[in-house]
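The structure under discussion appears below in the form of structure tokens.
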Amino acid sequence: MQAILLAAGMGKRLGELTKDRTKCMVEVNGEKLIDRTIKILSSLDITRLIIVIGFEGQRLKEYVEDKYNDVIDVDFIENPIYYKTNNIYSLALAKDEMCKDDTILLESDLIYNQDMVQLLLSSPYKNAALVAKYEPWMDGTMVQIDSNNNIVNFIPKSAFEYCAIETYYKTVNIYKFSKDFSANSFMPFLEAYCKAMGNNEYYEQVLSVLAHLHNNNLKALPITTEKWYEIDDVQDLDIASCIFSEDVEKLSMYHKRYGGFWRFPNMIDFCYLVNPYFPTKRMIDEMSSNYEVLLRNYPSGMSVNQLLAAKMFDLNHDFIIVGNGAAELIKSLMNNIEGKVGMVFPTFEEYSNRKNTDDIVAFYPNNWSFSYNANDLIDYYGDKEISTLLIINPDNPSGNFIPKNQLLELCQWTKDRNIRLVIDESFVDFSEDFENNSLLHNNILLQHENLVVVKSISKSHGVPGLRLGVIASSDTNFIKIIKQDVAIWNINSFGEFYMQIFGKYSSDYIKACHSYIEERNLFENELKKIPYLKVLPSQANFFMLKVLPPHNSSDLAKELLNKYNILIKDCNNKTGVDKSDYIRLAIRNRHDNDLLINALKNIK
């Protein structure tokens with residue numbers, strides 16, 4: 001068995017990285033793609049490697065010959081007109097070599113593990129293409145296959161139809177061809193195609209012709225959990241660096257992304273906090289049906305979005321501002337608060353990161369569950385000089401919850417002392433009796449002008465991609481200051497439309513929150529069965545857990561990601577936790593929660 005590697009391209013989309021070298025000389029986490037490829041091939045039953053070179057080909061040739069002369073038999077074929085041809089011509093140059101032996105054909109811009117090639121080698125199919133079920137990040141040639149894994153259709157980019165994506169598989173661009181197939185079918189057709197259509201084409205077009213003849217015996221070999229990525233540009237390189245990072249680095253590399261995990265469809269995110277039961281399919285369908293209209297039109301300005309938010313929460317429109325996520329409003333809020341701020345730790349650090357440490361008067365609950373109530377805060381801050389008291393309720397990451405009657409007492413206590421009280425109730429809709437727990441009511445805000453309520457719509461409504469949040473207060477002068485801080489078009493059309501139609505689905509939202517509470521109770525019972533975890537009480541859409549010896553939070557987070565592709569939050573770096581081995585788990589749907597429970601049970 002031999003291998004042919006097509007490496008003649010210029011890789012222009014990688015910019016400066018391929019200014020003076022071909023794509024397979026680019027490094028992923030410190031290792032060149034060509035090094036990884038040769039190491040994999042030489043460790044398997046591959047006796048010979050033919051590399052078709054072009055752009056900066058001499059540099060690649062010298063590198064390979066110097067480093068791998070004693071490792072594998074390598075030959076080179078030069079494509080002198082690489083700058084005006086495509087991969088069909090590079091492969092045509094190697095046609096004689098293709099007919100000499102069974103061949104593994106690879107593209108040079110791929111990164112993959114050894115098990116990918118091993119899958120082909122061990123397959124009973126003489127002629128096969130590795131394919132992967134279509135995912136949103138994929139681009140390029142797709143195929144459709146029948147129940148016997150025969151490739152029945154090749155779909156080029158120009159023929160791609162999103163209505164058919166359920167039937168699509170992406171070609172991984174790793175193939176196995178028998179010597180007979182190459183000599184009697186593939187190469188003769190490829191040569192004829194080049195003569196008829198020219199050299200600026202792709203060899204997949206030839207395979208497409210063969211597939212339509214129904215006698216080519218070209219099979220699809222779908223991959224499952226095997227890792228691979230195609231690197232065409234710098235963003236591809238960034239994603240590949242995460243996927244193929246060393247186990248020790250992978251966790252931090254994912255967390256540094258702060259989301260965008262749809263690019264990693266096989267990963268299950270138990271770190272970021274959303275509602276899996278809302279919006280309903282019908283609401284999503286309504287959003288989808290208006291996609292083009294929303295995409296092609298400007299959103300309304302702030303004044304219109306104020307009205308929509310006021311309608312959504314049944315508030316006076318002068319009391320409320322909509323933000324591009326709560327984060328935008330938190331930034332403005334903290335920038336416009338003067339004096340000392342009382343904060344409970346550990347907490348959601350978007351607030352504390354916006355203030356100097358000297359301006360924060362911290363309260364640390366003195367117990368393992370980080371629990372506290374209104375009286376604890378009144379006792380602690382009774383003799384402290386603070387201008388603002390911040391409470392996240394339920395708190396993040398602890399899940400601690402202060403009942404509404406206590407919050408109202410705290411409202412009065414702070415009002416009497418001329419202290420502004422900021423309540424972030426982003427998770428309140430997940431609390432028991434949530435319909436009666438919110439402070440977003442006109443009469444409450446009017447009675448307590450010192451009260452400011454922040455709420456993230458993204459988290460509780462399950463729409464983090466829309467980036468929606470609100471801030472409300474009857475202190476209209478303060479609201480005007482916040483309004484002047486944000487852009488007139490800070491909300492896009494999709495967010496605006498979501499607020500506009502929400503009223504039709506408000507009863508569905510209530511049902512979804514009840515379903516979530518039920519799932520949380522079931523999840524809690526299962527988590528309590530894990531002997532090395534101690535579960536903190538929570539009224540939010542997550543649990544904070546103490547990790548008991550001999551385990552620790554850091555190793556547990558790494559093992560879940562590396563072995564099970566599950567991302568969780570290690571809380572050791574949070575202020576107030578002090579490396580005490582706590583983790584935070586989001587609560588997802590039943591299927592995902594069961595996967596996590598099984599993974600936790602399998603960890604010895």
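Positions are given from 1, in the same order as the sequence printed here. Scope of the values below: all heavy atoms of this structure, side chains included, with no hydrogens, waters or symmetry mates.
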Side-chain contact, heavy-atom cut-off 4.5 Å: Ile243 with Ile111?
-> no
Any sub-3.5 Å donor-acceptor pair from Asn602's side-chain atoms to Asn598's backbone N or O?
-> yes
Does Lys574 make a cation-pi contact with Phe345 (under 6.0 Å, within 45 degrees of the axis)?
-> no
List the atom of Val117, the atom of Tyr112, and the distance in Å for their closest heavy-atom pair.
-> CG2-CE1, 3.8 Å
Relative to the ring of Phe494, is the ring of Tyr291 parallel (under 30°), tilted (30 to 60°) or perpendicular (over 60°)?
-> tilted
Close side-chain approach of Lys601 and Ile597, heavy atoms under 4.5 Å = yes
More than 12 heavy atoms from other groups under 6.0 Å of CD on Glu31 | yes
Ring-ring centroid check Trp137 Tyr229, cutoff 6.0 Å = yes
Give the minimum heavy-atom separation between Arg467 and Ala327, together with the two atoms involved.
-> NH2-CB, 4.3 Å
Knowing that exactly one of Glu230, Glu204, Glu135 qualifies, which makes a salt bridge (charged side-chain N to carboxylate O under 4.0 Å, His left out) with Lys170?
-> Glu230
Is it the case that Asp146 and Asn150 place a side-chain donor and acceptor less than 3.5 Å from each other?
-> yes
Just checking, is any N or O donor in the side chain of Ser245 or Asn29 under 3.5 Å from an acceptor N or O on the other one?
-> no
Does Lys459 make a cation-pi contact with Phe348 (under 6.0 Å, within 45 degrees of the axis)?
-> yes
Residue pair Ala7 / Ile51: nearest heavy atoms and the distance that separates them = CB-CG2, 4.0 Å
Is there a salt bridge (Lys or Arg N to Asp or Glu O under 4.0 Å) between Asp238 and Arg257 once you walk through the steps?
-> CA-CA 10 Å; Asp238 175 61; Arg257 304 183 72 86; 2.7 Å; yes
Verdict with supporting geometry, Ser178 and Asp102, side chain to side chain donor-acceptor pair (under 3.5 Å) | CA-CA 4 Å; Ser178 69; Asp102 297 340; 5.0 Å; no
Take Gln144 and Asn153 through the test side chain to side chain donor-acceptor pair (under 3.5 Å) and record every step on the way to the result.
-> CA-CA 5 Å; Gln144 292 169 313; Asn153 194 18; 3.1 Å; yes
Take atom NZ of Lys355 as the centre, draw a 6.0 Å sphere, and report whether it contains more than 12 heavy atoms from other residues, nucleotides or ligands.
-> yes
For Cys571 and Ile583 the tightest heavy-atom approach is SG-C, 3.8 Å
Between Glu226 and Asn113, is any side-chain donor less than 3.5 angstrom from a side-chain acceptor?
-> no
Thr22 versus Glu56, side-chain donor and acceptor atoms under 3.5 Å | no
Is atom NZ of Lys546 surrounded by more than 12 heavy atoms (other residues, nucleotides or ligands) closer than 6.0 Å?
-> yes
Ring-face cation contact, Phe270 with Arg588, 6.0 Å cut, 45° max | yes
Do Asn200 and Thr85 have a side chain donor and acceptor closer than 3.5 Å?
-> no
